[in-house]
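Accompanying notes for the structure given below.
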There are 2 protein chains.
Amino acid sequence: MVAKRARTTLSQIATAANVSVTTASNVANGRLELMSAATRERVETIMRDLNYRPNEGARSLRLSQRRSIGLIIVDDSPRFLADPMNTNILAGFSNYLSVNGFALLLCGIHHATIDDAHLLRRDQTDALCVIPSGSATERRRLYRRLKETEQPILIFQDDRPSFLPDALSVRQNDRLAGERIAERVIQRGARHLVLLVPSQHWPAVTERQLGIDHVVQASGPDVRFETVVCGSESVADTQTAISRYVDREGLPDVFMGGNDQMGIAALTWALDRHLSVPADVRVTGFNGFEFTQYVRPRLTTVTSPAYEMGKQGAALLLKRLARGQFDERQLVLDVELQPGDSD
Amino acid sequence: MVAKRARTTLSQIATAANVSVTTASNVANGRLELMSAATRERVETIMRDLNYRPNEGARSLRLSQRRSIGLIIVDDSPRFLADPMNTNILAGFSNYLSVNGFALLLCGIHHATIDDAHLLRRDQTDALCVIPSGSATERRRLYRRLKETEQPILIFQDDRPSFLPDALSVRQNDRLAGERIAERVIQRGARHLVLLVPSQHWPAVTERQLGIDHVVQASGPDVRFETVVCGSESVADTQTAISRYVDREGLPDVFMGGNDQMGIAALTWALDRHLSVPADVRVTGFNGFEFTQYVRPRLTTVTSPAYEMGKQGAALLLKRLARGQFDERQLVLDVELQPGDSD
DNA sequence: CTGAAAGCGCTTACAG
DNA sequence: CTGAAAGCGCTTACAG
């Protein structure tokens, strides 16, 4: 069992300062107009000397208010934080909460272990956020579980299901991103487009795919579009899938990474075979995170406002907690084409 | 103010099931041998129907046990999670805690705002962990603040200060990493070594520097070693610093990135100037995280067990909570040279 | 300006 | 096998 520790309590402060716990509590909570300057100073000194830190559990029990938000990242990889989309959202989210005095409970889970997640089993947060992955069915099941918590819900990078009234969806315009990148490569002459996608389903990747498909459909019959499923998003898996595809079908005009990592894997694959990019094969990515600056030729991609999504999502969520309801049901942030030399 | 919500409580369960709260509590906590099968089933059904989720605040108040651990990452960049060392440690740490039913409270802070951190001001965790950065003085101040919390402390990637008796240091052998990489480049003919370091101080980078210096000292007077401070770890800042250095001093034999990101920035810098790597200038990194696979030539680096550090750190910390004291004061994980084609 | 007291939702020692 | 009751550390409506 975890050892108990006797920490300083308000009543100890009160005793030492010769005041009631009411007054001690008022000092701790900055209701300073309720007492004389002398009392206040005496209590503050003692709090500092005794190193008083209020017990958050007691406070939240009394107030039915936890001052903490849970973030669930559903990713089958234990390295769920290797994905820069996840970490950028998390960074923005965490920073905003931190500045506003809210704690962030982070939990990475697999679909198979959703039911074990302590964030879902125990009542310890004011609201729950999720970065989902998985099939539509798996996500539906997840959202049902979230609904049972009866907490406000924030969903990153997926739509709000209709059975979740007290929820907000925050995402980037991935459909537009797909359109932009498809327009770009087609305009530059590509006629055979291959999109590389991970076997794990991410709603954002589907959106990108739909965006590409939309532009392809509008481009007439001489433009061809295929999707290749690559296993994990790792360099090795992606390159294996590319090799297998090319052995069978030959080189397409362009490999479009479902995200930057997969685009870069395609780029490296080409360079290792002494293929020239973009002369022999073009390559693109999605999201434009920092590490795309590592590769040459510069990757053509579409920049993601992931950090901003995290930050604005947190802001809207805290507003929801303060006001009792979400003012809006959806926030879609814009993306921007970032032309490189790879296509 | 945050709205209250009336959630299902144990006493509601007890009433509905026609048992006492004692029995309801026993069911909730799996003490099933204390009641008849019929009672148990009745209570369990009602808990499921009413969607009962125990109030963790109340439990922790009663038990003086929070089942949650705080992780503080001190990094002056708001994108503190862009650093793969941080995210890999975090992933391992978070996964281990999650599987063992502990919540993880994540908080990224700057040195200037340490005193505002809710993890330090409020009593809401069983233990506190930190990934520190900053000068020795800044870190000392941080550790003093941690000591005041009177909680067990886990320090990643830095030593335990002697005034923190109830603390554990978990790090990788960065000194050895520096030695390995220096031995390698010197053995391959490098005589003028330049280490690129960020202006923000990380204890691990200092260790790497000491390791290199140690090998350089032992190599006789014809080996020269310098350090170039690069601003942030970003590609742009690193490349600016490199350009400035080369304009003044000419090309060294090898640019040693203080981490992979800076090594890759040097690599890209060279390629952009049509310099051949390693023929014209050699380049190395540290840590060998996934994205080093993105670049060609393959980066010579030293692999980091960051995920393992997070995981083992979490394991030792939970053991500490269960047993009342740390069995050891330090855990140092090994690193391994990963030869590439860049040096 | 200050304080006594109730009660938030749990767990557990104790009594039956 | 089951339950009544105390108490964890807070906040706040209320009384003085």
Side-chain angles (χ1 to χ4, degrees), chain A residues 1-43 47 50-68 121-126 150, chain B residues 1-43 47 50-68 121-126 150:
Chain A
M1 281 283 56
V2 175
K4 290 195 184 199
R5 312 197 52 133
R7 298 245 168 69
T8 306
T9 68
L10 259 195
S11 100
Q12 286 172 35
I13 299 286
T15 306
N18 231 316
V19 296
S20 70
V21 291
T22 303
T23 300
S25 171
N26 286 333
V27 174
N29 291 286
R31 280 183 282 274
L32 306 176
E33 71 286 1
L34 292 180
M35 71 213 66
S36 69
T39 303
R40 166 201 168 167
E41 236 164 74
R42 193 155 27 98
V43 176
M47 283 183 170
L50 265 52
N51 223 322
Y52 174 66
R53 297 164 62 235
N55 182 315
E56 186 71 7
R59 192 196 118 101
S60 78
L61 178 59
R62 184 60 178 77
L63 261 39
S64 306
Q65 184 194 309
R66 323 245 171 281
R67 285 204 293 203
S68 72
R121 300 179 67 91
R122 314 205 280 243
D123 187 9
Q124 56 186 337
T125 54
D126 292 315
E150 295 169 54
Chain B
M1 280 287 54
V2 174
K4 289 195 182 196
R5 312 198 52 133
R7 297 245 167 69
T8 305
T9 68
L10 260 194
S11 99
Q12 286 172 34
I13 299 287
T15 306
N18 232 317
V19 296
S20 69
V21 291
T22 304
T23 299
S25 170
N26 285 334
V27 174
N29 291 286
R31 282 182 282 274
L32 305 176
E33 71 286 1
L34 292 178
M35 71 212 67
S36 68
T39 304
R40 166 201 168 165
E41 236 165 74
R42 192 156 26 97
V43 176
M47 283 183 171
L50 264 52
N51 223 321
Y52 175 65
R53 297 163 61 235
N55 182 316
E56 185 70 7
R59 191 196 121 103
S60 78
L61 177 60
R62 184 60 178 78
L63 261 38
S64 306
Q65 185 194 308
R66 323 244 171 282
R67 286 204 290 203
S68 72
R121 299 179 67 92
R122 314 204 283 239
D123 187 10
Q124 55 186 337
T125 55
D126 293 315
E150 295 169 53

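Values reported hereafter were calculated over all heavy atoms of this structure, with side chains retained and with hydrogens, waters and symmetry mates removed. Chain A is the first sequence line, chain B the second, and so forth, proteins listed ahead of strands; every chain is numbered from 1. Everything numeric here is computed off the predicted structure, so don't read it as measured data.
- Put simply, the side chain of A/Asn55 does not reach to within 4.5 Å of the side chain of A/Thr9, judged on heavy atoms.
- Across all strands, A/Arg31 comes closer than 4.0 Å only to sugar-phosphate atoms, never to a base (heavy-atom distances).
- Rounded to whole angstrom, the span from the CG atom of B/Leu10 across to the C1' atom of D/dG7 amounts to 16 Å.
- Judged by distance alone, with hydrogens and angles left aside, A/Ser36 brings no side-chain donor or acceptor close enough to the base of C/dT2 to form a pair under 3.5 Å.
- No donor-acceptor pair under 3.5 Å is formed between the side chain of B/Ser25 and the backbone N or O of B/Leu10.
- Considering every non-hydrogen atom in both B/Arg53 and A/Arg121, the closest pair reads CB-O, 3.6 Å.
- Rounded to an integer number of Å, the gap from CG of A/Leu63 to C1' of C/dC8 is 9 Å.
- Rounded to whole angstrom, the span from the CE atom of B/Met35 across to the P atom of D/dT2 amounts to 8 Å.
- Dashed line: the shortest gap from a side-chain N or O of B/Ser20 to OP1 or OP2 of D/dG3 is under 4.0 Å.
- For the pair B/Ser11 and C/dG9, the criterion of a side-chain N or O lying under 4.0 Å from OP1 or OP2 is not met.
- In this structure C/dA4 sits in no base pair that meets the Watson-Crick or G-U test at under 3.5 Å.
- Separating the CG atom of B/Asn29 from the C1' atom of C/dT12 is a distance of 11 Å, rounded to the nearest angstrom.
- Between the C1' atom of D/dG9 and the CZ atom of A/Arg53 lies a distance of 14 Å, rounded to the nearest Å.
- The shortest side-chain heavy-atom distance between A/Arg67 and B/Gln124 does not fall under the 4.5 Å cut-off.
- Put simply, CZ on B/Arg7 is 16 Å from C1' on C/dC10, counting in whole angstrom units.
- With a 6.0 Å radius and a threshold of 12 heavy atoms from other residues, nucleotides or ligands, A/Arg42 has its CZ atom above the threshold.
- In the interface, the side chain of A/Thr39 is not paired with the base of C/dT2 through any donor and acceptor atom under 3.5 Å apart.
- Atom CG of A/Leu34 and atom P of D/dG16 are 19 Å apart (whole Å).
- For D/dG9, neither phosphate oxygen OP1 nor OP2 lies less than 4.0 angstrom from any side-chain nitrogen or oxygen of A/Tyr52.
- Both B/Ala58 and B/Thr22 sit near DNA chain C, but only B/Ala58 has its closest nucleotide nearer the 5' end.
- Of all nucleotides present, none satisfies the Watson-Crick or G-U wobble test against C/dA13 with each distance under 3.5 Å.
- Each of B/Leu61 and B/Thr23 lies near DNA chain D, and the nucleotide nearest B/Thr23 is the one positioned closer to the 5' end.
- Atom CZ of B/Arg62 is separated from atom P of C/dC10 by 13 Å (rounded to the nearest Å).
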